[in-house]
Amino acid sequence: KSHPILARQTAEVQREEILGSKRDIEALGVPVSAVFAYPNGQENDWNNETEKVLETNLFSHSLTTHEGVNTHHTHPYRVRRIALDNTEDMAAFANILTGVRLFVKSYL
């Protein structure tokens, strides 16, 4: 709805932001899946209360903006992503998909 940093909001405001967004989109005739993307998506942008709202309202997963690979051990409300922004050639694309970029970043 208004894209706030959820961890800075009360539980009620978090609930309304999450469910209100879903309702508004569905009112346009567009079905909404049970996956949520945190506004900003960085560490401390959501909290246990946010995850509780998602779980209570049957969201199966939520996306952060943390770069990385997910496994079956990844918390369903802390899913990482692999960004493909500014990928202009196949070599860069291959480096991203194979994890080379993430590996190199871990040593910088």
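For reference, positions follow the sequence shown, starting with 1.
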Next on the checklist: Please find the pair of heavy atoms, one from Ser60 and one from Val35, that lie closest to each other, and give the distance.
Outcome noted: OG-CG2, 4.1 Å
Next on the checklist: Has Gln14 got a side-chain atom pairing as donor or acceptor with Leu6's backbone, closer than 3.5 angstrom?
Outcome noted: yes
Checklist entry - What are the two closest heavy atoms between Glu55 and Tyr77, and how far apart are they? => result CA-OH, 3.0 Å
Checklist entry - Any donor and acceptor pair, going by atom type alone, linking the side chain of Thr65 with main-chain N or O of Asn40 inside 3.5 Å? => result yes
Item to check | Test item: Asn57 side-chain N/O and Leu54 main-chain N/O as donor-acceptor pair under 3.5 Å | outcome: no
Sequence neighbours excluded and cut-off under 3.5 Å, please list the side-chain donor-acceptor pairs for residues 18-26, or say none.
residue	atom	partner	partner atom	Å
Ser21	OG	Lys1	N	2.6
Ser21	OG	Glu17	O	2.7
Lys22	NZ	Glu26	OE2	2.8
Arg23	NH2	Glu16	OE1	3.1
Arg23	NH2	Glu16	OE2	2.9

Next on the checklist: Testing the basics here: between Trp46 and Gly41, what is the closest heavy-atom pair and its distance to 0.1 Å?
Outcome noted: CZ3-O, 3.7 Å
Next on the checklist: Assess whether a salt bridge exists between Arg15 and Glu49, defined as any Lys/Arg side-chain N lying under 4.0 Å from an Asp/Glu carboxylate O.
Outcome noted: no
Checklist entry - Hey, is the main chain of Arg81 close enough, under 3.5 Å, to the side chain of His66 for a donor-acceptor pair? => result no
Checklist entry - Just how far is it from atom CD of Gln42 to atom CD1 of Ile5, taken to the nearest 0.5 Å? => result 9.5 Å
Checklist entry - Where do Pro31 and Gly29 come nearest, in terms of heavy atoms and distance? => result CD-O, 3.6 Å
Item to check | Distance, nearest 0.5 Å, that separates CG of Asn47 from NZ of Lys52 | outcome: 9.5 Å
Next on the checklist: Under 3.5 Å, is there a donor on one side chain and an acceptor on the other for Thr50 and Tyr38?
Outcome noted: no
Next on the checklist: When you group the ILVMFWY residues by side-chain heavy-atom contacts below 4.5 Å and let the links chain together, are Leu102 and Val104 in the same group?
Outcome noted: no
Checklist outcome for this item: Contacts of Asn70 meeting side-chain contact (heavy atoms from CB on, under 4.5 Å) (sequence neighbours excluded), chain-then-number -> Thr74, Val79, Arg80
Checklist entry - Which heavy atom in Ile82 sits nearest to a heavy atom in Gly68, and how many Å separate them? => result CG1-O, 3.6 Å
Checklist outcome for this item: One should read off an interatomic distance between Ser62 OG and His75 NE2, to the nearest 0.5 angstrom, of 8.0 Å
Checklist entry - In the single-linkage hydrophobic clustering (I, L, V, M, F, W, Y; side-chain heavy atoms under 4.5 Å), do Ile96 and Met90 co-cluster? => result yes
